[in-house]
Trainee: 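Below: one structure in structure tokens.
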Amino acid sequence: MKRLPRIEQYGLIGDTQTSAHVCDDGSMDWLCLPRFDSPAVFAALLGTQRHGNWQIAPAPPPGRSGSAAVAERRYVGDSLVLESLWRTPTGSVRVLDFMPPRDGAPQVIRVVEGLTGVVEMVSAMRPRPGYGSVSPWIHEVEGRMVAEAGADALWLDTCVPQAEKDGAVVSGFAIGAGQSVAFVLSWCPSHTAAPDIPAPEAALAETLAYWQDWTQEGCTYDGPHREAVVRSLIALKAMTYGPSGGIVAAPTTSLPEEIGGGRNWDYRFTWLRDASTALAALLGTGHQQEAQAWRRWLLRAVAGDPENLQIMYGITGERDLRERELPWLPGYEGSAPVRVGNEAADQLQLDVYGEVIDTLYLAHQSGVAHCTDTAVLHQRLIEHLVQRWQEPDEGIWEIRGARRHFVHSKVMAWVAVDRTIRLAEAGALDVDPAPLVELRAAIHQEVCTKGFDPARNTFTQSYGSQELDAATLLIPRVGFLPPDDPRVVGTVDAVRRELSTPDGLVRRYPTLGDRTGVDGLTGDEGAFLLCSFWLVDGLALTGRLDEARALFDRLLALRNDLGLLAEEYDPVQQRQLGNFPQAFSHMGLIQSALLLQRLATQSSPRHDAVAVPAPRSTSHSTCQPTADLTPQHA
């Protein structure tokens, strides 16, 4: 049995409705059909091959088992078509893996092409629906192989002979230079007619054209890190459920934040926070269509019930996301339990009001057409926040301990009020701004009084706490205080001093690992990549551009060979951790790149651009918010 690869050894393919993870040994170890949140039919990522996978690779030499890792791999241009190249003693071959964007049933297409010589190849597909728990009925129907289990049917079409062997559909074939063999896996409900036999060449051309058109027609970024930004944009688009506009936080569940630990969560849902910040990154690079689709998703998800706003929903707006464990899956490298569903959906997280309203404001600023229904929803959201902003909550990190008055939550409540005032004053929202102006000042004063530690010159994690929180790095980015304020400089320095790893990456907050810490969980976690990008922004905004660029380059170097990032990074074992790829991480990369480009090209301060004064002394100054420092300008 092969050892489970590192997380960064996987590549992602997808059709903007679901996705698959392909390892550098040619094994597809994760695939949920027909949606991101459907049960996996290949779940080897969280177990072993007996939980389902599909490997296409050169046959091992006589007397040896297992296939060598791919020699090279890349995405074809600015697309989500994955190209893997093997070189063997008898010749070379490449495999193109992709999923055509679709209106109907999903397909996974794998095209094997001979380049030189003759190479013996093996395809072995082991379907195991129900997250690896079900062995399907595999049989032949009119020359086609089908695996059926309950409501699911998987049809595998190819031009080479296929046979069932030990619960797998196996093909062995030789391929010479200039030859090609295509395998097409199609899903459909088991009670319906068989899907049409597809045309792989046409599907490949259409898939390449789809991604090329999307990247070229929408992206306005042309800075020094364009390759990294475009790859991150493609990753965000790949994590967007096309029919609804909902964005998943990641297309996986239970990839661990600590190898062997229990901090394993299901991220295949749409968090309001994650989706909002991802859309801010998309809007910042010219992609307005996604913002319009997300706004429609928001209206459907929240419906007429903003008083019971959830912090996350299913990708089409589902509210019931009950969490359960899958005991038959051992977890990635023994990291158990494996969970599906997420009970954090029932938490109170006041910061989401700020993220949602800030994104609505950003959409308005970016020229997205006014929507009366959205304006009504906005009004009801701010009315509800006015009533609840003084309550403790679980905060941005979804703690499973006692509620607290988190500083970041209060700052984002301020953002919600501030952006509402701006829209009202611009005539885009029918709200009386006068009482909100008073509330904005009250929230601001409370945060600066109760959430700031003057002895250490830093904002803290929650009122009265000594712990720090990397989320306070967002204070200058959202405009709560100007970047040259001594308290902002002090907070950046404190986070850097107390939450950074030796190589400069940033942890979210101190973890005690024995349920006595703020999160109420056991175990530890890696450095949080989004927080590390926030430190890039904090350093840049406080005038330390060279240090910001150095950290940004260090973070880019952590991407895998395909430009993808997980949620966290283990600086000791030097490997990625957590669900993969992670929308938060790629959003942070994009926004940091935009900020660094803006500051590098900024010649003089303007009302719509962030000026970067030199840091000054850390004496306690009067508590006043900055002027226009909203995220689209940062």
Side-chain angles (χ1 to χ4, degrees), residues 8-33 36 42 54-57 69-86 92-115 121 123 125 156-158 175 179-187 198-219 226-242 251 559-565 580-581 586:
E8 58 265 31
Q9 289 178 245
Y10 285 94
L12 181 78
I13 61 172
D15 60 6
T16 72
Q17 295 191 42
T18 190
S19 61
H21 284 59
V22 184
C23 186
D24 60 7
D25 65 358
S27 182
M28 187 174 294
D29 291 343
W30 184 253
L31 173 63
C32 298
L33 292 174
F36 291 111
F42 302 146
W54 180 15
Q55 186 168 32
I56 297 181
V70 66
E72 299 175 21
R73 62 177 183 168
R74 66 183 181 95
Y75 284 114
V76 180
D78 291 336
S79 80
L80 211 61
V81 176
L82 179 61
E83 177 186 88
S84 303
L85 171 67
W86 279 271
S92 59
V93 65
R94 72 173 178 176
V95 176
L96 297 174
D97 290 320
F98 62 98
M99 298 182 71
R102 38 101 179 188
D103 294 325
Q107 294 178 338
V108 178
I109 300 180
R110 313 189 74 178
V111 180
V112 184
E113 298 180 344
L115 300 179
M121 299 290 293
S123 167
M125 186 195 72
L156 184 59
D157 292 293
T158 185
I175 190 160
Q179 297 177 329
S180 67
V181 173
F183 292 82
V184 181
L185 180 66
S186 304
W187 175 94
E201 291 184 3
L204 175 60
E206 292 170 1
T207 302
L208 289 170
Y210 171 86
W211 289 106
Q212 180 177 336
D213 291 346
W214 186 80
T215 54
Q216 292 185 356
E217 292 179 4
C219 184
R226 189 178 189 280
E227 177 274 329
V229 168
V230 169
R231 181 50 53 194
S232 292
L233 287 168
I234 291 172
L236 293 180
K237 179 65 173 177
M239 288 184 270
T240 303
Y241 185 68
R559 299 177 301 153
N560 75 354
D561 57 321
L562 297 172
L564 300 176
L565 286 169
F580 174 86
H586 287 283

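When a residue number appears, it is its place in the shown sequence, counting from 1.
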Trainee: Give the intermediate values and the outcome of side-chain hydrogen bond (donor to acceptor under 3.5 Å, both in side chains) for residues S19 and W30.
Mentor: CA-CA 8 Å; S19 61; W30 184 253; 5.9 Å; no

Trainee: Measure the shortest side-chain to side-chain distance between L12 and L564 over non-hydrogen atoms and say whether it is less than 4.5 angstrom.
Mentor: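 SC-SC contact between L12 and L564 confirmed.
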
Trainee: Is there side-chain contact between V93 and L85, with heavy atoms separated by less than 4.5 Å?
Mentor: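 A side-chain contact is absent here, since even the closest heavy-atom pair is not under 4.5 Å.
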
Trainee: Quick check: does any side chain N or O of R231 sit under 3.5 Å from a backbone N or O of H586, one acting as donor and the other as acceptor?
Mentor: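 Checked: no pair found.
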
Trainee: Can you tell me if D103 has over 12 outside heavy atoms packed within less than 6.0 Å of its CG?
Mentor: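 No, the 6.0 Å shell around CG holds no more than 12 heavy atoms from other groups.
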
Trainee: Check T207 against P100 and note the closest heavy-atom contact, atom names and distance.
Mentor: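 Smallest interatomic distance, heavy atoms only, reads OG1-CA, 3.3 Å.
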
Trainee: Hey, could you give me each pair passing salt bridge (charged side-chain N to carboxylate O under 4.0 Å, His left out) that has a residue in residues 201-212? Not counting sequence neighbours.
Mentor: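 For residues 201-212, and leaving out neighbouring residues, there are no salt bridge (charged side-chain N to carboxylate O under 4.0 Å, His left out) pairs at all.
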
Trainee: Find out whether L80 and F98 are in side-chain contact, i.e. whether some heavy atom of one side chain is under 4.5 Å from a heavy atom of the other.
Mentor: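 Contact flag for L80/F98 side chains = no.
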
Trainee: Tell me the closest heavy-atom pair linking P198 and V184, and the distance in Å.
Mentor: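 Between these two residues, the closest heavy atoms are CG-CG1, 3.1 Å.
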
Trainee: Is NZ or CZ of R94 both nearer than 6.0 Å to the six-membered ring centre of W86 and within 45° of the ring axis?
Mentor: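 No, R94 and W86 do not form such a contact.
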
Trainee: Which residues satisfy the side chain to side chain donor-acceptor pair (under 3.5 Å) test with R73, sequence neighbours excluded?
Mentor: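 So R73 forms a side chain to side chain donor-acceptor pair (under 3.5 Å) with D561.
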
Trainee: With side-chain hydrogen bond (donor to acceptor under 3.5 Å, both in side chains) as the test, would you mind laying out the steps for R102 and Q17 before giving the verdict?
Mentor: CA-CA 8 Å; R102 38 101 179 188; Q17 295 191 42; 3.2 Å; yes

Trainee: How far apart are the closest heavy atoms of T158 and A182, and which atoms are they?
Mentor: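 For T158 and A182, the tightest heavy-atom pair comes out as OG1-O, 2.9 Å.
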
Trainee: Hey, does the side chain of T240 reach the backbone of L236 with a donor-acceptor pair shorter than 3.5 angstrom?
Mentor: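 Yes, T240 side chain to L236 backbone: donor-acceptor pair under 3.5 Å.
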
Trainee: Measure across M28 and A20 and return the closest heavy-atom pair with its distance rounded to 0.1 Å.
Mentor: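 Closest approach of M28 to A20, heavy atoms only: SD-CB, 3.8 Å.
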
Trainee: Please name the pair of heavy atoms, one in F580 and one in H21, separated by the smallest distance, quoted to 0.1 Å.
Mentor: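 That would be O-NE2, 2.7 Å.
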
Trainee: Heavy atoms, side chains only, cut-off 4.5 Å: are P581 and P251 in contact?
Mentor: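 With C-beta onward as the side chain, the pair touches.
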
Trainee: To check you understand the geometry: which heavy-atom pair defines the closest contact between Q55 and D25, and what is its length?
Mentor: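 Closest heavy-atom pair between Q55 and D25: NE2-O, 2.8 Å.
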
Trainee: Just by distance, do the side chain of R110 and the backbone of W54 share a donor-acceptor pair under 3.5 Å?
Mentor: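 Side chain of R110 to backbone of W54: a pair is present.
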
Trainee: For N560, enumerate each residue passing the side chain to side chain donor-acceptor pair (under 3.5 Å) test, keeping only those at least two apart in sequence or located in another chain.
Mentor: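 N560 satisfies side chain to side chain donor-acceptor pair (under 3.5 Å) with no residue once adjacent residues are dropped.
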
Trainee: Do Y75 and E83 have side chains that approach each other closer than 4.5 Å (heavy atoms only, starting at C-beta)?
Mentor: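 No - every pair of side-chain heavy atoms lies 4.5 Å or more apart.
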
Trainee: Less than 4.5 Å apart, any side-chain heavy atom of V112 and any of I56?
Mentor: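 In contact.
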
Trainee: Does a side-chain heavy-atom distance below 4.5 Å link T215 with I234?
Mentor: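 Yes, close enough: below the 4.5 Å cut-off.
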
Trainee: Does T18 reach the main-chain N or O of L33 with its side chain, forming a donor-acceptor pair under 3.5 Å?
Mentor: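 Pair absent, no side-chain N/O of T18 close to backbone of L33.
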
Trainee: With heavy-atom distances below 4.5 Å as the criterion, would you say the side chains of V76 and W211 are in contact?
Mentor: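 Heavy-atom side-chain distance check fails, nothing below 4.5 Å.
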
